[in-house]
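Worksheet for the structure shown next.
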Amino acid sequence: MASKTLLVLLLPFNLVLFLSILAEAQLLQVGFYSKTCPNVEDIVRKEMTEILSVAPSLAGPLLRLHFHDCFVRGCDGSVLLDSTKNNVAEKEADPNKSLRGFGVIERVKAKVEKACPNTVSCADILALVARDAVWLSKGPSWPVWTGRRDGRVSLATETKQLPSPNANITRLISNFAAKGLSVKDLAVLSGGHTLGTSHCSSFSERLYNFTGKDNLHDVDPALDKEYVPKLRARCSLTDNTTIVEMDPGSFRTFDTSYYKYVAKRRGLFHSDASLLTNSETKAYVQRHADGLTAEFFQDFGDSMINMGNVAVLTGNQGEIRKKCYVVNKIN
Ligand code: HEM
């Protein structure tokens, strides 16, 4: 009886809480800038078309930037901030040292600032750039929900939340769940590895030193034995500079062939191989190894929208940065 009374007393409070959560959630919307910067998506698309026409291999890095932004402190542009005298920023942490494309974001932001000063966040520019990078690589397009605000904090130590290329499936699922993303999102978004390259150092332990024995037979058993010599010919154990295509043959084209490689146990990372060790992710890989492009494209857009919603700042939170690499000065 007492608990019923308590429930009734708490109801109005719960209702207010629920309505305010709903109001916050509705602040991200398709066309958030339709009145304040109606051409923003055209400006981004035009810049991206020019940039990728001369440097198509930047598509992968630009997609990855949005992912690394969203997984640390939410999609708040924190990955773009430079370190300061008193702070080591996310971009200097190990998993982010291989990120590229920061110059592109500054270039696009400068164009947008010229048309609409102090209006469009860097976090939204990252989301729009990632969408256009995929579309210009012959992949899908999707409506980008905008209205994110930029954070003022970026800590190298927080990049531990990024999934490791050595992770097993349990780890990957919990990394994604911690961001409110599902097992399906994991299977779908891993398909982002259809674009781009990896440094040997991100997977060379699979080739030489998987269990720490450091000899020629010490290979990740999840890797196709016939693929090992090919990868070894490209990468020594200590090679930190060579890059290898993750989806050889079509690493600049967004397609389903990543799943073909993973199904043949030729995914570059242990994390890619781990998708074959869970019934749901395995089924997704196997079905898409045979094509099903339209379904993958639809799924990828849906999962990118989910990822783009992770812990966003909205309303009066954060700020609209003037330059993406530095927080605004407080007067
Ligand atoms: C599932 C967990 C994931 C892990 C463990 C992982 C790990 C990695 C690693 C280690 C690299 C190579 C970095 C290097 O050595 O240069 C890489 C590259 C890349 N990742 Fe992921 N990733 C994951 C998920 C994602 C997601 C969700 C996306 C986007 C939707 C993505 C997009 C990319 C792209 C496009 C590249 C190529 C970047 C380039 O060409 O420079 N990854 N990833």
Side-chain angles (χ1 to χ4, degrees), residues 20 23-48 51 61-62 64-93 96-97 99-133 144-159 161-162 307-331:
S20 66
E24 282 287 290
Q26 281 172 347
L27 290 174
L28 271 201
Q29 54 184 263
V30 176
F32 179 84
Y33 300 109
S34 60
K35 292 210 171 66
T36 52
C37 192
N39 295 332
V40 59
E41 299 205 16
D42 296 336
I43 298 170
V44 175
R45 175 68 52 97
K46 184 168 173 284
E47 283 302 297
M48 284 298 291
I51 291 164
L62 291 168
R64 187 170 179 235
L65 268 184
H66 182 43
F67 161 52
H68 280 223
D69 184 33
C70 293
F71 264 61
V72 183
R73 268 185 185 265
C75 317
D76 67 342
S78 55
V79 72
L80 303 172
L81 286 171
D82 280 349
S83 293
T84 59
K85 209 165 58 175
N86 302 317
N87 182 58
V88 185
E90 288 171 28
K91 48 162 81 143
E92 300 211 27
N96 283 344
K97 283 186 177 148
L99 289 178
R100 291 190 296 139
F102 294 105
V104 169
I105 303 300
E106 295 304 334
R107 173 173 159 178
V108 174
K109 169 71 170 170
K111 282 275 168 187
V112 172
E113 275 299 297
K114 208 166 166 201
C116 320
N118 310 316
T119 306
V120 181
S121 67
C122 297
D124 277 345
I125 287 179
L126 273 178
L128 293 168
V129 161
R131 187 265 310 269
D132 289 356
V144 175
W145 292 62
T146 43
R148 296 171 191 80
R149 309 262 302 170
D150 295 322
R152 293 180 52 85
V153 176
S154 176
L155 303 170
T157 46
E158 291 186 339
T159 57
Q161 298 164 30
L162 287 162
M307 188 178 86
N309 271 326
V310 172
V312 290
L313 302 176
T314 55
N316 296 324
Q317 297 169 315
E319 63 183 15
I320 303 295
R321 256 178 245 151
K322 191 84 188 153
K323 297 212 185 291
C324 294
Y325 60 86
V326 61
V327 296
N328 294 342
K329 285 208 176 79
I330 296 177
N331 296 319

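- For E106, the side chain to side chain donor-acceptor pair (under 3.5 Å) criterion is met by no residue, not counting sequence neighbours.
- Among all heavy-atom pairs drawn from A89 and A156, the shortest one is O-CB, 3.4 Å.
- Considering every non-hydrogen atom in both M307 and F67, the closest pair reads CE-CA, 3.5 Å.
- Nearest heavy-atom pair across K91 and Y325 is NZ-CB, 4.4 Å.
- Residues meeting the salt bridge (charged side-chain N to carboxylate O under 4.0 Å, His left out) test with D150, sequence neighbours left out: none.
- Screening L126, V310, L80 for a side chain to side chain contact (heavy atoms under 4.5 Å, CB included) involving D69 leaves a single residue, L126.
- Annotation: side chain to side chain donor-acceptor pair (under 3.5 Å) contacts of T36 (sequence neighbours excluded): none.
- Every side-chain contact (heavy atoms from CB on, under 4.5 Å) that I320 has, sequence neighbours left out, goes to K109, S121, R149.
- Screening residues 119-132 for salt bridge (Lys or Arg N to Asp or Glu O under 4.0 Å), with sequence neighbours left out, gives E41-R131, R45-D132, D124-R148.
- Taking each heavy atom of Y33 and V120 in turn, the nearest pair found is OH-CA, 3.6 Å.
- R107 is linked by a salt bridge (charged side-chain N to carboxylate O under 4.0 Å, His left out) to E47, E50, counting only residues two or more places apart in sequence or in another chain.
- Residues satisfying the side-chain contact (heavy atoms from CB on, under 4.5 Å) criterion with N96, sequence neighbours excluded, are H68, V79, E90, L99, T159, L162.
- Distance CG/L128 to CG/L62: 12.5 Å, rounded to 0.5 Å.
- Under the side-chain contact (heavy atoms from CB on, under 4.5 Å) criterion, C116 pairs with C37, T119, not counting sequence neighbours.
- Scanning for salt bridge (charged side-chain N to carboxylate O under 4.0 Å, His left out) contacts around E158 gives R73, with sequence neighbours left out.
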- Any chance you could lay out the side chain to side chain contact (heavy atoms under 4.5 Å, CB included) test for V112 and V44, step after step, and finish with the verdict? CA-CA 8 Å; V112 172; V44 175; 4.2 Å; yes

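- Shortest non-hydrogen contact noted between C70 and G308 is SG-CA, 4.2 Å.
- With hydrogens and angles disregarded, a donor-acceptor distance shorter than 3.5 Å links the side chain of S154 to the backbone of S78.
- Sorted by first and then second residue, the salt bridge (Lys or Arg N to Asp or Glu O under 4.0 Å) pairs involving residues 311-328 (not counting sequence neighbours) are E113-K322, R152-E319.
- Residues that satisfy the ring-ring contact (aromatic ring centres under 6.0 Å, His included) test with F102, not counting sequence neighbours, are absent from this structure.
- Applying the side-chain contact (heavy atoms from CB on, under 4.5 Å) criterion to T84, with sequence neighbours excluded, gives N87.
- Closest approach of L81 to C324, counting heavy atoms only: CD2-O, 3.8 Å.
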